[in-house]
Structures are given as C-alpha cells and as structure tokens.
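For reference, the structure discussed in these notes is given below.
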Amino acid sequence: MTHAEIVSLLGDQAESLLTHTCTTIPKEQLHLPGPDFVDRIYGPSNRNIPTLRSLHALYNHGRLAGTGYLSILPVDQGIEHSAGASFAKNPIYFDPENIVRLAIEGGCNAVASTFGVLAATARKYAHKIPFIVKINHNELLTYPNKFDQIMFGTIEDAWNMGAVAVGATIYFGSEESSRQIVEVAEAFAYAHELGMATILWCYTRNSAFKRDGKDYHTAADLTGQANHLGVTIQADIVKQKLPTLNGGYKALNTGGSSYGKLDERIYTHLTTDHPIDLTRYQVANSYMGRAGLINSGGESKGASDLADAVFTAVVNKRAGGQGLISGRKAFQKPMNEGVALLHAIQDVYLDAEITVA
C-alpha cells in the first residue's frame, strides 16, 4: 500500500493524524522502536539469554522483521467469544491450521492462539512462525455468563510446543483482578525462567466503568494505569485497546465517591483529546516505551475494516507504539482479504513518511 493510498483511507482525518505534533510528552523522552530494540531495551534488563533469543525471534520475523515493530495475528476468540459466533462468517477457521496459515501468508511476526490450536499444529509450524500461547481465557458457557480469566494450561506445555512467548489477560478493576494478578505474575516469572517472552492483555473490566452514557473502559487514564500494572509484573509487551476518551478517574470520583488517585495534570499537561496524545499516555505508562505497546484491532465492522485498521496503526505508530495485534478484522473474511488487511497494517509501519509525532 502506497503512502497516497494510506492518506486516502484516512480521509478527512488524514491531515490531523499525519501532521500532528505531540506537545504533551515529547517523543525525545520515549524509548522508540528500532532494529536494535532487543539489545537496547531488553538487553540491560534481568531477562535471561533464552528470553532474549525468543524476543529476537519475535521481532525478526515476517514483513516487519528488523524494524522494531510487530504485527501479530491473535485468534483466541473461539473461547473468548465462542467458536460459532467467531467463525460463522468464515468456517475454515474452525480448523487450527488455517489460523496459522493466515498468520504466515499475512506476513505476521507471530501467531497468538490457544493451547489447543497451537498444539494441533506445533510440529508442522512452530519452527516456521513464532508461537504465542494464550494461557488464560474468559469462557462463555457458564450460565449465566460470568467474566473472569482462568488458566487453561501450563507454562511447561507452552514451552514444549516451541512457543517463543506466552500471553495472558488480566481484567484490571474487576473483583477477580487480585487473583489474576498473582496467577499471571507467577506464570510470567516461570515463562521467563524457561526463556519465553511475555505479553499481557491489560484490559479494564467493571460495570461501574460505564457512567452517564460513557464507557470508560477505553479511557486513557484507566488504560494507562492498567499498562503500568502490567509492566510492573514484567510483561515484555502490553496489549491495550486504543483509547477513545479520557477522564475515567474523574468520572468515578463524583457524588462523594472515592476511587483511585488522580492529578489534574494528567488531563491538562500529559494528554489532550487528540487520539495520538491519548495513546502517547498509554506508551508513557508502559515505562516510556520500554515495554512495547501493541493496540488491538477491535471487532470486525465489515466495509470499514481496512480504513479502521489503518487508522489504528497510524495512531499507534505516531504515538510511539510498537504495532497492532489484529484478529477479527482479518479472519472474519476470506483469507485473501484477511492477508491484504494484515499487509495494509504492516505497510503503515514500513512507510518512512509516517513518523513518531
């Protein structure tokens, strides 16, 4: 995809997104992606040599190899959203091999999926594309539905199938988050001990986060703090939803209630309402970029998927993020269209004209 095509897909937002300069947290204060990211950032850390080798494998595969950016295909929706609801649009993805094939043909750095999916394909593909095993899930068969992340397998099993990394979700803000933090912290420590990298889905989840018609699950201040908690338990990479608003702490501290801690400078000095500045705050909370921020691609909306994916990639890249982890927009359509969408995302990161704001 050419730069002109990217600009065209951005439409009326192109000028605002491509010419914006971030004056809140300057890019000079960030640890930005680059070919030397593993050596420069992870090298001085406590990560052992096998983990550094796994991180190197992750950052040096696919069309973005050697750039410091990541394009990951995540398909754990068969559990998280139920298989029928996820794969009805394209039933070939009931077969795990097609998930891995899409990641390979899509030029991704890695494929992230369940123990079952990756175990079924490990001997054929684990040496051909980096595997990321998602170790916990929210299952949707308990009646009535509940929302909790529970472990589905062992770190040893992920290591035995040749995975370079494990991924997990924590629902920060939920009643179950304390247990999840302990479980995932212990799992990540063992994964590092065995030489695997760690990726944390730092999602917020609490019905109280919806207030006065606004959904603060994607507020920059709340998601930023979730990222900060994630890197504290030594996630190498954090996955986060693109922020769509701000002021979660302020909304939840009304009517005499007391929630968390805030400083007005979060909203007056560290962020604006521009999407790049909101995402920059997520990067800042990820130790100023020492833990790579990858934003999720979100649900498939059909005709607007390509434009939405390019928008998210541009915002993430210009904010100082490290890439996209996009699943439903890619696998809920014919494989050739899914491949084209993944390539379009990668083309944003390969476009030298799109720089950090």
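Hydrogens, waters and symmetry mates play no part in the numbers below; they use all other heavy atoms, side chains included. All values derive from a computational prediction rather than experimental measurement.
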Problem set entry | Expected output: side-chain R63 to main-chain G107 donor-acceptor under 3.5 Å | no

Problem set entry | H217 side chain near T223 side chain, heavy-atom distance below 4.5 Å | no

Exercise. Between K329 and E299, is the closest basic N to carboxylate O distance under 4.0 Å?
Worked result: no

Problem set entry | Verdict with supporting geometry, L118 and S113, side chain to side chain contact (heavy atoms under 4.5 Å, CB included) | CA-CA 6 Å; L118 297 178; S113 195; 4.1 Å; yes

For this session: State which residue, out of N246, T279, D277, fulfils the side-chain hydrogen bond (donor to acceptor under 3.5 Å, both in side chains) condition with T271.
Result: N246

Exercise. Can you check side chain to side chain donor-acceptor pair (under 3.5 Å) on Y349 and N316, steps first, answer last?
Worked result: CA-CA 10 Å; Y349 294 95; N316 172 273; 2.8 Å; yes

Problem set entry | I79 and D76, any side-chain heavy atoms less than 4.5 Å apart | no

Problem set entry | Side-chain ion pair, E97 and R101, N-O less than 4.0 Å | no

Problem set entry | Cation-aromatic face contact K241/Y203, 6.0 Å, 45 degrees | yes

Problem set entry | Main-chain N/O of Q13 paired with S16 side-chain donor or acceptor, under 3.5 Å | no

For this session: Give a yes/no verdict on a cation-pi contact between K317 and Y69, requiring under 6.0 Å between NZ or CZ and the six-membered ring centre and an angle within 45° of the axis.
Result: yes

For this session: Scan T272, D273, D221 and name whichever one has a side-chain hydrogen bond (donor to acceptor under 3.5 Å, both in side chains) with Y267.
Result: D221

For this session: Answer yes when D236 and R47 have at least one side-chain N-carboxylate O distance shorter than 4.0 Å, and no when they do not.
Result: yes

Problem set entry | Heavy atoms from other residues, nucleotides or ligands near CD of E175 exceed 12 (cutoff 6.0 Å) | no

Problem set entry | Spacing of OG1 belonging to T204 relative to OH belonging to Y216, to within rounding of 0.5 Å | 13.0 Å

Problem set entry | Aromatic Y249 / basic K261 pairing, under 6.0 angstrom, 45° off normal | no

For this session: Classify the ring geometry between F37 and Y42 as parallel (under 30°), tilted (30 to 60°) or perpendicular (over 60°).
Result: perpendicular

